[in-house]
Amino acid sequence: MAPIGLTDVAITDFVVNQRHGVKGLVDVISPKTLPSCYIQLPEKRVTTEKLIMEAATTGRGSLSTPVIPVIDVSDWKDPSVAEEICEAAATLGFFQIVNHGVSVDEQNELRAAGRGFFDLPTEEKKRYWEGSSVSDTAWYMTSFNPSKEAKLEWRDYLKFEYLSDQVDFAATWPTVCRNEVVNHSNRMKPIGRKILEILMNNLNARVEEQTLMGTLRMNVNYYPECPDPKLTVGTGYHCDINTLTLLLQDDILGSLYARYGDKWLHIPPVMGAIVVNIGDMLQILSNDRYKSVEHLVMASRFLSRISFAYYCGPSYDSVIEPLREVLEKGEKPLYKATMYSDYMKYYFARPHTGSKTIESIKLP
Ligand SMILES: O=C(O)CCC(=O)C(=O)O
Ligand SMILES: [Fe+2]
C-alpha cells in the first residue's frame with residue numbers, strides 16, 4: 001500500500017524520474033509500509049521456508065547443511081588453498097577468503113567513503129545519474145533497470161569503470177570516494193589475478209589476462225532500511241556475467257544468499273573477509289566445470305547496508321567460448337562463442353533474470 005497521499009506512480013516518479021533513489025524515498029518520505037511498486041512477485045521473494053541457514057560460520061558443514069567455505073589465503077602457494085578454491089568454484093560457486101592482506105581498517109575507510117557518496121545532497125548525486133552523468137565512467141542509478149522492471153528493487157548503486165590505462169581516469173569521479181575507490185581496485189586486482197591463475201592452472205589452460213580481467217568495474221550498492229524486507233528484494237536474484245567477483249559485504253546477517261538447489265544458502269558476514277563468486281564467463285570458458293550461481297540480497301528492517309562488488313571481466317571485444325584445453329578429450333562445447341560486449345548488452349537490457357543470460361547462448 002502506498003503511503004497516504006502518494007500513489008505508486010508518484011513514488012516511482014519521485015524515486016526514478018526525479019532521481020531521488022530509494023534512499024531519497026526513505027530520507028524524505030519515510031513510508032511506514034512498503035509501496036506496492038516495491039512488492040515483488042512471490043517467486044522473486046525470499047520466504048523462511050526457502051532459506052538454509054548455516055550450521056556454523058566456518059568448516060565444511062554436514063551433509064544436509066552446506067557451508068560456504070572460508071579459505072585462509074595467507075600462503076597462496078599452499079596447494080590446499082588452490083584445492084579449496086577449485087572445489088568451491090566447481091560446487092557452490094562461492095567462497096570467502098581471509099588473510100588476503102587488505103586490513104579491516106582499509107575496508108572500513110572504503111565503506112565510509114561509499115556512504116559519503118550516498119549521504120550527499122540529492123542535487124549533487126543527481127549529476128551522476130546514468131544516461132546524463134558528468135562522468136563517462138561513473139554512474140548512479142536505482143533498482144537495476146527501472147525502465148524494464150515490473151517492480152523496483154530496494155537498492156541504489158554507483159558504478160565505476162576502471163580505465164586505468166588512461167591518465168586521470170578517475171578525474172570525473174565523485175571526490176568524496178574517489179581515492180578510496182581507486183585504491184580498492186589496486187588492492188583487489190592482484191587478488192583477482194591470483195584466483196584466476198589458480199582456476200586456470202587447474203584446467204591446464206593458458207588464458208590471456210585481457211580475456212580474464214580486461215575490464216574492471218565496481219558496483220557500490222546501497223540498501224536503505226526497508227519497512228517490509230520480506231515483500232521485496234534488495235538485489236533480485238541474478239548470476240554475475242563477468243569472470244570473477246570480489247565482494248566486500250557489510251556486517252548485517254541475513255543479507256546475501258546464494259542458490260542451493262531450490263533453496264537459498266546464507267552467506268554470513270565474516271569480519272575482514274572478501275566473498276568471491278564465479279561469473280558466467282568462467283562457467284562458459286570451463287564448459288560448466290566452474291559454476292556461476294544465482295544470488296540475491298535482502299534489505300534489512302532497521303539498518304542500511306553498503307557493499308562493494310569488484311568485477312573482473314573479459315575485455316569488451318573478447319570472444320568467449322569453452323577453452324580448447326577443456327574440450328581436448330572430445331568433450332562437446334556447451335556454449336556458442338559470444339563477444340563479451342554482446343553478452344553485456346543482453347544482460348543490461350533486461351530486468352534481473354536469474355540464470356537466463358547464460359541459457360541464451362547454450363548450444364542445443
Ligand atoms: O550487495 C551484495 O552483497 C551483492 C550485490 C551483487 O550481487 C552485485 O552487485 O552483483
Ligand atoms: Fe552479483
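Since this is a predicted model, take the numbers as computed values, not measurements. Counting starts at 1 for both ligands and their atoms, following the listed order.
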With a cut-off of 2.8 Å, which protein N/O/S atoms are close to the Fe ion (ligand 2), if we only count those under it? His238 NE2, Asp240 OD1, His295 NE2

ring-ring contact (aromatic ring centres under 6.0 Å, His included) involving Tyr340 - partner list, sequence neighbours excluded: none

Would you find a donor on one side and an acceptor on the other, under 3.5 Å apart, between the side chain of Gln96 and the backbone of Pro268? yes

Would you call Arg193 and Glu209 a salt bridge, taking side-chain N to carboxylate O under 4.0 Å as the test? yes

Whether the His352 and Glu153 side chains hold a donor-acceptor pair (N or O, under 3.5 Å, no angle test) is what I'd like checked.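 Side chains of His352 and Glu153: pair found under 3.5 Å.
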
Decide whether Tyr290 and Asn202 meet the rule of one side-chain donor and one side-chain acceptor closer than 3.5 Å. yes

When you look for protein heavy atoms under 4.0 Å from ligand 1, which residues do they belong to?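 Under the 4.0 Å cut-off, ligand 1 touches Asn219, Asn221, Tyr223, His238, Asp240, Leu247, Leu256, His295, Val297, Arg305, Ser307, Ala309, Tyr311.
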
May I ask you to establish whether Arg350 and Tyr346 are in a cation-pi arrangement, using a distance under 6.0 Å from NZ or CZ to the six-membered ring centre and at most 45° from the ring axis? yes

Considering residues at least two apart in sequence or located in another chain, which fulfil the salt bridge (Lys or Arg N to Asp or Glu O under 4.0 Å) criterion with Glu325?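 Glu325 satisfies salt bridge (Lys or Arg N to Asp or Glu O under 4.0 Å) with no residue once adjacent residues are dropped.
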
side-chain hydrogen bond (donor to acceptor under 3.5 Å, both in side chains) for Arg115 and Ser304? Distances and angles first, verdict last. CA-CA 10 Å; Arg115 282 187 179 273; Ser304 62; 2.8 Å; yes

Looking at the rings of Tyr223 and Phe118, which for Trp means the six-membered one, are their centres under 6.0 Å apart? no

